[in-house]
Amino acid sequence: MHAAPAVEIRGLRIRRGGITILKDVEIVLAPGSFLGVVGPNGGGKTTLVRAMVGLEKADEGLVRVLGMPPGQSREIGYLPQVPTFDPRFPALVRDVVEMGLPKGSGGAHRKEQVARVLADLGLTPLARKPAGILSGGERQRLFLARALVREPRLLILDEPTLGVDVQGLDTFLHLLESLRIERKLTIVMVSHDFSVVSTHATEVVCLAQRIHFCGAPADLNKEQFAEVFGVHNLFLEHHH
Amino acid sequence: MLHDWLALGFLRRALIAGILTAISCGLLSPYIVLRRMAFAGHGLSHAAFGGAAVALLLGVQVSLGGAVFALVLALVLAVGTRRGILSEDSAIGILVAASMAIGVICLSLRKRYTQDIFSFLFGNILAVLPADLIVSGAVALATVGCLVIFGRPLASATFHEELAKVDGLPVDAIRALLFVLVAMNVVAAMKIVGAILVSALLVVPGAIALLIGRRLASVQAASLVAGVAAVLVGMEVSYLLDLPSGAVIALVLFVGYGASRSVTFLFARARRLRDGGTDLRTAAGPASSGTRNGS
């Protein structure tokens with residue numbers, strides 16, 4: 001028996017202010033997959049993931065996430081493109097992570113979960129610091145911790161590697177890989193950087209208003225890449 | 001002097017109403033500041049003025065007219081701006097101007113200002129009636145109740161509205177609830193500081209507390225203390241010097257904010273000097289330095 005898809009999108013069309021952002025988008029993602037969404041600026045990558053989490057409404061088509069309409073499942077972790085908040089907000093790093101937990105879990109269990117995810121992301125030394133003093137990269141990790149603390153089945157990340165240095169990027173991608181394998185976590189990650197997703201994603205979607213390629217990263221050729229990005233020289237050959 | 005406040009009935013009512021309003025506004029104030037609703041609070045108080053003037057013309061309870069206008073504006077703001085029909089500040093600007101215009105026209109039709117409308121504009125805490133006390137108590141109870149019951153979702157939605165929505169929180173309802181609470185507090189605070197100065201009680205305690213507290217609970221506690229202290233000091237000073245209570249309370253809050261700002265600035269400077277120019281982030285260890293834009 002086949003498991004229900006983690007993400008199922010059929011004939012998705014989204015228009016905003018008379019402009020078509022996305023059209024004819026079809027994606028079926030099996031549980032445990034790692035989907036990389038790449039494409040040029042303005043290609044609709046962020047709109048696509050926002051539609052998955054219920055922040056954008058589809059004008060046409062079907063979107064189902066973990067078998068439910070967008071915005072219904074409570075087993076999704078989401079990292080927005082620009083993880084900003086008012087730095088005056090009076091909360092410690094651990095308080096912000098705890099906000100990601102669903103209502104009702106016990107006090108001791110909550111603390112344990114928060115401590116574990118803080119340790120996973122190297123945030124333990126910052127746990128008692130005010131969240132408002134964190135740097136851009138630290139905020140990125142804080143928001144990722146908030147997304148992971150509820151142990152989601154689906155993790156949706158919008159440009160999570162912005163502002164992260166090379167060492168941090170490597171650690172981050174290995175963390176995602178281990179989460180995917182250990183917890184059977186499904187990951188959808190938007191990135192403007194094809195080299196980031198090509199090495200870790202099991203599937204890749206090239207998006208520029210519509211899907212130009214959908215498949216294993218190794219199957220994407222230079223011509224398809226150029227069709228989406230309009231350039232050849234950014235394409236990286238990858239070896240398995 | 002305290003004896004006077006407790007011995008005389010009208011002074012006792014003023015004291016109780018002032019404390020109740022300060023508690024309610026003080027608890028709400030950090031949310032107003034963090035969600036940048038200060039202009040909304042200002043707008044709602046001016047809308048209430050329009051309602052009060054209409055009520056005066058119709059010969060009904062002035063505070064009832066103010067409450068109706070403030071609540072209607074709160075709901076229009078909550079629903080209208082959610083649907084993206086108009087931005088919040090534009091909506092407030094347009095509706096408040098209309099409400100004030102209605103108020104001015106209604107007053108001009110009466111041909112004379114009355115004591116009632118003057119109290120509504122600038123506050124008259126000594127004119128607090130038993131019925132006003134009931135209103136203040138009910139508003140304080142409703143505010144405290146809502147903040148206790150919905151504290152967690154309210155904090156989450158204030159921290160990041162989109163993430164709260166993805167988590168399944170009813171962020172539009174939370175926003176509407178806050179607008180309604182602000183409108184109710186505006187009406188309750190009218191007798192204390194008046195429509196013109198009500199935003200002082202709604203904004204300044206939270207602004208002071210955010211300079212001091214590091215967590216939401218401590219900020220709310222500090223805001224409550226700042227609000228109550230300002231009302232008590234302001235009432236005492238206004239009583240001693242025979243000055244309008246609302247204006248004195250607003251000035252006490254202003255002085256309190258200035259003093260808090262100065263003290264926190266001096267503390268931060270002393271800490272920087274003590275740490276040899278390093279900031280808090282440096283003390284966080286190696287995990288804080290692994291980012292491209294880390295410092």
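Note that the coordinates shown come from a computational prediction; the quantities given were computed from them, not determined experimentally. Below, chain A is the first sequence line, B the second, and so on; all start at residue 1.
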Q.
If the threshold is 4.0 Å, N to carboxylate O, is there a salt bridge linking A/Arg150 and B/Asp167?
A.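 A salt bridge is present here (some side-chain N lies under 4.0 Å from a carboxylate O).
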
Q. Any side-chain heavy-atom pair from B/Ile212 and B/Val219 closer than 4.5 angstrom?
A.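 When only atoms from C-beta onward are counted, B/Val219 and B/Ile212 do not touch, as no gap falls below 4.5 Å.
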
Q: Check whether any side-chain heavy atom of A/Leu176 sits under 4.5 Å from a side-chain heavy atom of A/Leu185, and report yes or no.
A: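 No. Closest side-chain heavy atoms not under 4.5 Å.
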
Q | Over 12 non-hydrogen atoms of neighbours within 6.0 angstrom of CZ in B/Arg261 | A |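 No, not enclosed.
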
Q.
For A/Arg128, I'd like to know if atom CZ has over 12 heavy atoms of other residues, nucleotides or ligands within 6.0 Å.
A.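 No, CZ of A/Arg128 has 12 or fewer neighbouring heavy atoms, counting only those of other groups under 6.0 Å.
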
Looking only at non-hydrogen atoms, find the nearest pair between [X] and [Y] and report the distance.
| X | Y | value |
| --- | --- | --- |
| A/Ile187 | A/Leu157 | CG2-CD1, 4.2 Å |
| B/Val252 | B/Ala230 | CG1-CA, 3.8 Å |
| A/Glu159 | A/Ser191 | OE1-CA, 3.5 Å |
| B/Leu253 | B/Ala200 | CD1-O, 3.6 Å |

Q) Listed by residue number, which members of residues 146-162 of chain B have a heavy atom under 4.5 Å from any heavy atom of chain A? A)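 Contacts with chain A: B/Arg152, B/Ala155, B/Ser156, B/Thr158, B/Phe159, B/His160, B/Glu162.
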
Q) Just checking heavy atoms, which of residues 28-48 of chain B are less than 4.5 Å from chain A? A)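 The stretch touches chain A at B/Val33, B/Leu34, B/Arg36.
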
Q. Are a donor atom and an acceptor atom from the side chains of B/Ser24 and B/Thr21 found within less than 3.5 Å of each other?
A.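 No donor-acceptor contact under 3.5 Å links the two side chains.
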
**Q.** Residue-level interface, residues 92-99 of chain A with chain B, non-hydrogen cut-off under 4.5 Å
**A.**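 When heavy atoms of chain B are the reference, residues 92-99 of chain A contributes A/Leu92, A/Arg94, A/Asp95, A/Val96, A/Glu98, A/Met99 within the under-4.5 Å range.
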
Q | Proximity breakdown for B/Val166 and chain A, heavy-atom pairs closer than 4.5 Å | A |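 Both backbone and side chain of B/Val166 come within 4.5 Å of chain A.
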
Q | side-chain hydrogen bond (donor to acceptor under 3.5 Å, both in side chains) evaluation trace for A/Ser135 with A/Glu138 | A | CA-CA 5 Å; A/Ser135 69; A/Glu138 288 162 352; 3.3 Å; yes

Q: Sort out for me which residue in A/Arg110, A/His109, A/Lys111, A/Arg116 forms a side-chain hydrogen bond (donor to acceptor under 3.5 Å, both in side chains) with A/Gln113.
A: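 Going through A/Arg110, A/His109, A/Lys111, A/Arg116 one by one, the side-chain hydrogen bond (donor to acceptor under 3.5 Å, both in side chains) with A/Gln113 is satisfied by A/His109 alone.
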
Q | Sequence neighbours excluded - side chain to side chain donor-acceptor pair (under 3.5 Å) pairs with any residue from residues 61-77 of chain A | A |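 Side chain to side chain donor-acceptor pair (under 3.5 Å) check on residues 61-77 of chain A returns A/Glu75-A/Arg153.
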
